[in-house]
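FYI, side chains are in, hydrogens and waters are out, and symmetry mates aren't considered; it's all heavy atoms of this structure. Lettering follows sequence order; numbering is per chain, from 1.
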Number of protein chains: 2
Amino acid sequence: MALKYSRQRESIKANLMHRTDHPTADMVYDDIRKIYPNISLGTVYRNLGLLSALGEITRLATLTGADRYDGNTRPHSHFVCRKCGCVYDLPNDIPGEIMETVQKGTAHRIEECSLMFYGTCEDCREEGS
Amino acid sequence: MALKYSRQRESIKANLMHRTDHPTADMVYDDIRKIYPNISLGTVYRNLGLLSALGEITRLATLTGADRYDGNTRPHSHFVCRKCGCVYDLPNDIPGEIMETVQKGTAHRIEECSLMFYGTCEDCREEGS
DNA sequence: TTAATAATAGTAACCATTTCTGATATCTAT
DNA sequence: ATAGATATCAGAAATGGTTACTATTATTAA
């Protein structure tokens, strides 16, 4: 099943590359519809799954609702606000270091990692509470 | 809404404390049914949610299917096998250290973290592939 | 022991995601 | 260019995990 070009997939990937808000599939869908009004949500899901299987994007599992997608595949960790649900990048080099450290202490073969931090984001703090 | 004792909740918590396989809600359900044959799956979910809100257990989000629950609330990280889906503890002190480090580099208030490592577990490696 | 109310079982609803189907687009070899 | 071969699509239906609802039962405090 050789891969074939599709303008929908191209558009989905481009959309992810141009944003840093780690959207859900639904958020990508809303955006892509402006260009391809009758693209289907299933197509968005299928291509997000395909792209992450290819390693061109990253899928993030969170404790708060739907999966998120990240067009930035360089190892980095994420912050999820418990209040507004926003997902932010945490610019640091932790994943590489920590994977080495952890690999030394286990017999399982570690291939990737997901470092998620939860709390209250800057904006929500300022709004009080 | 003061908390009231319930033998179902007690049993669910005890079940989690006695196992280290980080079961899904369904796996807990299967076990508890041996004691309370007509407990409902909804009750299991409700109590797992309640217990984790109380901080008595931990909920884990993974990229591979259903959420997992952990009766061990001491900070530690986890390993998920991509092949068999098993979830293992990674005995180390990383969470505390890493949270401090990361907190220094961000304005968001970090309250907790989830460190998930993915790969192939020891058993699956031995079976080849 | 009774009254107040939290928790339950069972079921239905909900949401995110995947699967299915016939039609369409892309690609390969003429 | 054309004609298969087949990957991808849109749309809809199905699935899986989880939550919400309701009438009944269990726990608790007076």
Side-chain angles (χ1 to χ4, degrees), chain A residues 1-16 21-54 56-70 80 82 85 87 116, chain B residues 1-16 21-54 56-70 80 82 85 87 116:
Chain A
M1 51 169 173
L3 208 63
K4 279 184 186 173
Y5 171 87
S6 100
R7 60 192 81 185
Q8 291 91 338
R9 179 159 60 239
E10 193 74 8
S11 177
I12 288 166
K13 178 161 184 193
N15 182 261
L16 267 186
D21 61 342
H22 312 83
T24 61
D26 219 62
M27 291 162 74
V28 173
Y29 177 55
D30 285 344
D31 248 28
I32 304 290
R33 282 171 97 175
K34 294 169 189 161
I35 306 168
Y36 300 102
N38 51 0
I39 193 172
S40 90
L41 182 55
T43 295
V44 173
Y45 271 106
R46 181 164 20 81
N47 281 297
L48 287 173
L50 182 52
L51 288 168
S52 50
L54 292 172
E56 296 184 26
I57 65 174
T58 303
R59 190 200 301 247
L60 308 174
T62 78
L63 285 168
T64 58
D67 285 352
R68 300 284 186 143
Y69 296 88
D70 191 343
V80 181
R82 288 270 193 201
V87 179
M116 307 293 293
Chain B
M1 50 166 175
L3 207 63
K4 278 185 185 170
Y5 171 87
S6 102
R7 58 192 81 183
Q8 290 91 337
R9 179 159 61 240
E10 193 73 9
S11 178
I12 288 166
K13 178 160 185 195
N15 183 262
L16 267 186
D21 61 343
H22 311 84
T24 61
D26 219 62
M27 290 161 75
V28 173
Y29 178 55
D30 285 344
D31 248 28
I32 304 291
R33 283 172 96 177
K34 294 168 188 162
I35 306 166
Y36 300 102
N38 52 359
I39 192 173
S40 92
L41 182 55
T43 296
V44 173
Y45 270 106
R46 181 166 20 80
N47 281 298
L48 287 172
L50 181 52
L51 288 168
S52 49
L54 293 172
E56 295 184 28
I57 65 174
T58 303
R59 190 201 301 248
L60 307 174
T62 78
L63 285 168
T64 58
D67 285 352
R68 301 284 186 142
Y69 296 88
D70 192 344
V80 181
R82 287 272 193 201
V87 179
M116 306 294 292

Item to complete: Calculate the interatomic distance between B/R33 atom CZ and C/dA9 atom C1'; express it in whole Å.
Response: 12 Å

Fill in: Value in whole Å for how far the P atom of D/dG16 lies from CG of A/D67
17 Å

Worksheet entry | Contact summary for A/G49 and A/R59, nearest pair of heavy atoms | CA-NH2, 3.7 Å

Worksheet item: At what distance, to the nearest 0.5 angstrom, does CG of B/D31 lie from NZ of B/K34?
Response: 4.5 Å

Discussion item. I need the CZ-P distance between A/R59 and C/dA16, as an integer number of Å.
Written reply: 14 Å

Practice prompt. Of all the heavy-atom pairs spanning A/A25 and A/V44, show the shortest one and how long it is.
Written response: O-CG1, 3.7 Å

Worksheet item: Okay, side chain of A/R9, backbone of A/R46: is any donor-acceptor separation there less than 3.5 Å?
Response: no

Worksheet, complete the sentence: Between B/I39 and B/Y29 the two heavy atoms that sit nearest each other are O-CE1, 3.4 Å

Item to complete: Whole angstrom is fine here: how far is it from CD1 in A/I32 over to P in D/dT8?
Response: 17 Å

Practice prompt. Whole angstrom is fine here: how far is it from CG in B/D30 over to P in D/dG17?
Written response: 12 Å

Response to the item:
One should report the stems of DNA chain C, each a stretch of at least three consecutive Watson-Crick or G-U pairs at distances under 3.5 Å, as C:1-30 with D:1-30

Item to complete: Measure the CG-CG distance between B/L16 and B/D70 for me, rounded to the nearest 0.5 Å.
Response: 7.5 Å

Worksheet item: What parts of residues 3-13 of chain B reach DNA chain C, counting only heavy atoms under 4.0 Å away?
Response: B/L3, B/K4, B/S6, B/Q8, B/R9

Item to complete: Strictly below 4.0 Å, heavy-atom distances to any atom of DNA chain D: list the hits from residues 36-50 of chain B, or just say none.
Response: B/L41, B/Y45

Practice prompt. Keeping the roles fixed (side chain from A/R68, backbone from A/H22), state whether a donor-acceptor pair exists under 3.5 Å.
Written response: yes

Discussion item. What's the separation between atom CD1 in A/I32 and atom CZ in A/R7, rounded to the nearest 0.5 Å?
Written reply: 13.5 Å

Worksheet, complete the sentence: Whole-Å distance, B/M27 CE to D/dT18 P, equals 13 Å

Worksheet item: Considering all heavy atoms of both residues, which atom of A/P23 and which atom of A/V28 are nearest to each other, and what is their separation?
Response: CG-CG2, 3.7 Å

Practice prompt. Output yes when a side-chain donor or acceptor of B/N47 lies under 3.5 Å from a complementary backbone atom of B/T43, and no otherwise.
Written response: yes

Worksheet, complete the sentence: Between CZ of A/R68 and P of C/dC15 the distance, given in whole Å, is 16 Å

Practice prompt. Give the minimum heavy-atom separation between A/G85 and A/V80, together with the two atoms involved.
Written response: O-CG1, 4.5 Å

